[in-house]
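Since the structure comes first, as structure tokens, the remarks are kept for the end.
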Amino acid sequence: MTTTLSSSAASGPAPKPPGRSPRALWHLGVNAIVVVWLALFAAVGTAHHFLPHAFWLLVHMLLLGAVTNAIVIWSGHFAASVLRLPEANRGAPAALRLVCLNAGAVGVIGGMLFERWYIVLAGGCLVAAAVTAHAVWLVRLMRRALPGRFSMTVRYYVAASALLPVGAALGVVMARGDLAGDLPERLRIAHETINLLGWVGLTVAGTLITLWPTMLRTRVADGAERAGRAALPVLLTGLGAAVAGALLGPPPLAAPGVVVYAAGLVVAGRPWIREARVKSPRSFAAWSVTAACGWLAGSLTALVGILVSTTSWITVGGRTSLLTAPLAAGWIAQVLLGALSFLVPVVLGGGPAAVRAATVSLERAWPARLAATNAALLLCVLPVPSMVRVACSVLLLVLLLFFLVLLVLTVVRGMRNRRREAQRGPAPAPAPAPASAEVPARPHRVLGGVALGLAVVMLAAAGGAAADVRSLPMPERSAATDADGGAVTPTGRTTTVAVTIRGMRFSPSSVDVPAGNRLVITLHNTGTDTHDLVLETGARTDRLSPGQRDRLDAGVVGRDLKGWCSMVGHRQMGMVFTVRVTGTGSDSGTDSGGTTHDHSGRSTSAATKDTAADAFDPMAEPATGFTARDARLPSATGGAGPQVHKRTITVKEVTREVAPGVRQKLWTFDGTAPGPVLRGRVGDTFEITLVNDGSIGHSVDFHAGSLAPNGPMRTIEPGESLTYRFTATRSGVWMYHCSTMPMSLHIANGMFGAVVIDPPGLSTVDREYLLVQSEFYLGKQGGTADAAKVNAKDYDMVAFNGYANQYDHDPLTARTGERVRIWVLAAGPNESSAFHVVGGQFDTVFREGAYDLRRGGTRSGGAQVLDLAPASGGFVELSFPEAGDYPFVTHIMSDAERGAHGTFKVR
């Protein structure tokens with residue numbers, strides 16, 4: 001037997017005059033909504049480089065827009081058909097549900113794009129209301145109908161519709177943000193499990209009970225209804241266990257739920273396999289659904305592997321993003337396109353000949369299209385070069401657009417033919433035939449089409465690889481020549497520089513090298529794409545994936561050189577590099593091995609034997625029992641309402657160790673550099689009494705206050721005191737420092753500190769740290785900073801909280817899954833900071849009073865660095881995915897190598 005889908009389209013007491021039936025008009029109208037969402041998906045995919053939140057937008061255009069509409073439309077049609085109430089799924093209530101659904105989808109997408117959570121909330125409520133109303137309608141429909149053989153299908157639809165509002169609620173909560181620990185990742189996994197495996201998965205499983213044999217043009221296998229009835233509780237049990245595990249336990253606890261869900265699919269799918277053995281798939285629709293089931297099976301297997309291989313939900317969240325393409329494009333999109341290609345000709349109607357013609361139109365070149373789609377998708381999933389992945393993604397978009405064009409042309413042609421028939425009058429009744437008669441394809445044509453599709457993918461991949469080929473101009477002469485072409489005299493010294501890739505830039509983008517020195521460049525790719533560095537001489541690094549490093553030996557350099565990234569288009573986007581030759585090479589200090597260490601292109605002063613710089617060794621270990629400065633940030637004190645903070649701060653001159661074996665006489669606030677941390681909230685008043693116990697005049701400038709500086713910031717002489725009063729009107733981490741001239745020297749010698757003013761509504765975290773970065777211009781051992789070095793910006797050491805590498809020797813601590821906030825202040829006096837946690841990713845970035853990135857804004861948004869100019873500050877938040885040591889640095893790498901380095905020890 002065929003399903004009631006076909007019979008309802010083909011059967012009737014007698015042939016009716018040609019013309020467009022209300023049923024057909026209804027289906028054409030509502031399915032136009034699905035086509036519009038698919039077209040928007042294709043448009044977003046084409047322009048995704050220019051759109052914000054493009055990844056999130058693509059996923060929700062397809063799933064929330066096209067797929068959710070298709071489910072509501074076709075589950076209503078199938079439910080009415082199997083319950084023998086074919087006219088029940090039309091009319092004003094059904095139209096109102098679709099209007100509500102699409103208004104909600106637009107609201108969710110628009111609210112996320114413009115970061116208006118209340119719009120997301122309203123949109124999510126509309127979506128949930130529309131699907132809930134759909135579920136209520138399905139239940140009422142079941143009560144009206146007589147018992148039927150395939151009423152089990154409708155129970156799948158009711159269960160799926162009951163789950164979507166739960167998934168929508170989780171999505172709305174995530175969009176709000178401000179969630180602690182690993183809760184965002186837990187909610188996201190639960191959200192995706194409910195929506196993909198529940199809303200979509202149950203609907204597809206219930207539909208295939210009858211649609212699959214209809215696609216094969218065979219009878220429903222015996223026991224199919226019993227299998228469907230037995231599978232539904234198994235599927236719901238597995239789904240519930242997986243979601244509960246995601247919300248309440250570690251990842252391995254959710255894995256059995258996924259396994260049980262997969263077992264439910266096996267129970268439901270055994271009759272489908274028997275039906276396929278009776279009559280194998282011979283159409284685009286059937287093969288598209290078959291391929292989709294293969295992608296679902298692979299994705300569920302991979303998901304179980306991800307869940308059992310880690311105890312961190314943050315790690316799971318990162319790894320499951322790899323399943324987006326297999327699930328969304330491989331499974332769901334192929335089921336949708338296969339179903340549309342089968343159902344649209346049935347809806348168009350017009351008799352067996354018209355249905356056959358429409359099917360032929362929609363299945364044009366289907367073996368090639370199907371083979372190309374799945375092969376291209378496979379290459380997108382595999383670790384192939386980026387340009388190959390781009391080429392395959394473009395091919396997938398072209399195939400989608402081709403299907404949409406075929407769909408529109410088929411509908412337009414069918415409507416035109418029906419109008420012509422209506423004008424000519426009724427035609428003689430045709431011979432009986434199935435409404436959706438199979439259009440056979442010859443085996444050699446199928447194999448030829450598959451070969452053609454694979455060839456197209458191979459050409460696309462080859463084109464992407466060819467566009468990725470590294471081509472270099474032939475060097476006109478060696479680097480070891482001067483500007484006039486003459487040979488340069490080697491100095492025997494080596495200049496080593498560290499270059500970092502950030503985004504589409506080299507940092508630094510130029511370096512200075514003494515003429516005759518050998519140049520060695522260490523390249524670290526901290527960006528998100530593959531990059532390299534090529535010099536015009538032909539010297540080059542390997543292609544570096546994100547996080548990788550390589551070493552480039554440019555040889556002896558006697559003239560200026562140009563360099564660039566050879567990845568296609570990257571040079572044009574500004575990834576260029578310059579080597580500048582200066583002097584004769586005699587003005588650079590060398591170590592005992594004859595190596596000159598050039599720090600990001602800046603010159604370095606020779607360290608005389610009586611300077612502290614002579615004693616500074618970044619690899620030195622502190623004395624036994626060393627304890628780092630406590631970086632934990634105290635909470636803001638006081639209850640509700642503005643508070644008054646009174647404190648006396650005394651200027652003290654102290655001699656302290658600032659690195660192992662390196663001592664300096666510091667000018668400090670309260671004996672520490674940085675000075676004491678002040679914390680409060682917007683509206684709080686600070687009353688600070690400064691007492692000068694030093695040997696020279698000092699002052700204090702609080703950036704957290706806004707007032708005329710000539711009075712409260714004046715210099716006071718030794719033995720004097722001054723009260724400084726200000727009200728904190730704006731949030732942020734604010735610097736305070738001595739403003740007595742020369743201000744740069746006073747700051748460089750230790751007179752700086754931080755005032756933290758909490759932003760309103762600041763969320764609670766598990767741990768909170770403050771790191772103040774500053775550079776040292778080391779003078780004599782036990783002496784003050786070298787004023788000449790300060791003036792020349794020629795610093796020797798960089799540190800967090802006043803001591804080089806101290807958190808390598810006494811690490812900061814955290815636990816997996818905990819929410820950690822790190823406040824950072826770039827105190828200078830002259831150098832910037834680029835704060836980065838190796839192995840971590842920031843989901844929240846607050847800089848200079850505003851959020852650059854806020855947790856929950858998008859599923860995939862993140863940041864790798866908090867870049868701060870001198871005297872600016874902010875905070876970042878992250879959770880550590882698994883136990884281990886996570887270094888943190890300023891990603892101005894030469895500064896990290898000079899002491900701005902530490903470690904988070906995570907258990």
Side-chain angles (χ1 to χ4, degrees), residues 178 180-181 627-650 652 656 668-690 700 702-705 724-737 750-774 799-803 806-807 810-815 818-827 833 835 837 844 846-847 849 866 868 872-879 888 902 904-905:
D178 297 332
T627 302
R629 174 175 170 137
D630 190 353
R632 292 176 297 178
L633 182 63
S635 301
T637 57
Q643 306 293 312
V644 177
H645 305 269
K646 295 184 178 182
R647 177 150 187 171
T648 298
I649 295 178
T650 303
K652 298 178 181 179
R656 292 284 167 83
T668 70
F669 294 109
D670 265 5
T672 64
V677 179
L678 307 178
R679 189 172 193 181
R681 302 183 179 90
V682 174
D684 286 4
T685 297
F686 291 81
E687 188 175 295
I688 309 299
T689 300
L690 180 68
V700 64
F702 284 97
H703 291 189
Y724 191 130
R725 183 182 178 91
F726 66 91
T727 298
T729 58
R730 300 182 188 279
S731 60
V733 52
W734 303 89
M735 183 178 178
Y736 69 87
H737 61 88
M751 301 200 73
F752 57 88
V755 179
V756 176
I757 305 299
D758 290 357
L762 185 65
S763 61
T764 301
V765 293
D766 298 297
R767 297 177 191 257
E768 201 166 10
Y769 293 107
L770 170 66
L771 300 172
V772 181
Q773 179 184 314
S774 62
F800 290 122
N801 290 346
Y803 192 101
Q806 62 177 317
Y807 300 113
D810 186 10
L812 304 181
T813 59
R815 294 187 179 275
E818 285 185 334
R819 190 85 181 145
V820 180
R821 178 181 298 130
I822 309 159
W823 295 79
V824 183
L825 174 66
S833 177
F835 182 74
V837 177
T844 299
F846 179 90
R847 175 172 49 187
L866 173 61
L868 300 170
S872 61
F875 68 77
V876 292
E877 294 177 7
L878 78 163
S879 295
F888 60 86
F904 279 102
K905 184 171 287 295

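Hydrogens, waters and symmetry mates are skipped; everything else that's a heavy atom, side chains included, is used.
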| query | With the threshold set at 4.0 Å, does a side-chain nitrogen-carboxylate oxygen contact exist between Lys652 and Asp670? | reply | no
Are Tyr807 and Phe800 an aromatic pair by the rule of ring centers under 6.0 Å? no
- Query: Just by distance, do the side chain of Gln806 and the backbone of Arg629 share a donor-acceptor pair under 3.5 Å?
  - Reply: yes
Checklist entry - Ring centroid separation for Phe752 and Phe669, is it under 6.0 angstrom? => result no
dist Arg819:CZ -> Ser763:OG (nearest 0.5 Å) comes out at 6.5 Å
- With side chains defined as the heavy atoms from C-beta onward, is the minimum distance between Leu770 and Val677 less than 4.5 Å? yes
- Query: Any side-chain heavy atom of Tyr769 within less than 4.5 Å of one from Leu633?
  - Reply: no
Are the side chains of Arg730 and Val682 in touch, meaning some heavy atoms are under 4.5 Å apart? no
Would you call Lys905 and Asp810 a salt bridge, using N to O less than 4.0 angstrom? no
One should read off an interatomic distance between Leu825 CG and Ser872 OG, to the nearest 0.5 angstrom, of 7.5 Å
One should read off an interatomic distance between Ile688 CD1 and Thr648 OG1, to the nearest 0.5 angstrom, of 8.0 Å
Residue set satisfying side-chain contact (heavy atoms from CB on, under 4.5 Å) with Asp630, at least two apart, ordered chain then number -> Arg632
Checklist line | Side-chain ion pair, Arg679 and Glu768, N-O less than 4.0 Å | finding: yes
Across all chains, not counting sequence neighbours, the ring-ring contact (aromatic ring centres under 6.0 Å, His included) partners of Trp734 are none
Evaluate the ring planes of His645 and Phe686, with Trp represented by its six-membered ring, and classify them as parallel (under 30°), tilted (30 to 60°) or perpendicular (over 60°).
parallel
When every non-hydrogen atom of Gly683 is compared with those of Pro642, the smallest separation belongs to O-CB, 3.3 Å
Heavy-atom side-chain contact between Phe835 and Ile822 under 4.5 Å: yes
Here the pair of heavy atoms bringing Asn801 nearest to Pro674 is C-CD, 3.5 Å
Interatomic distance, CG@Leu878 vs CZ@Arg821, rounded to 0.5 Å, equals 11.5 Å
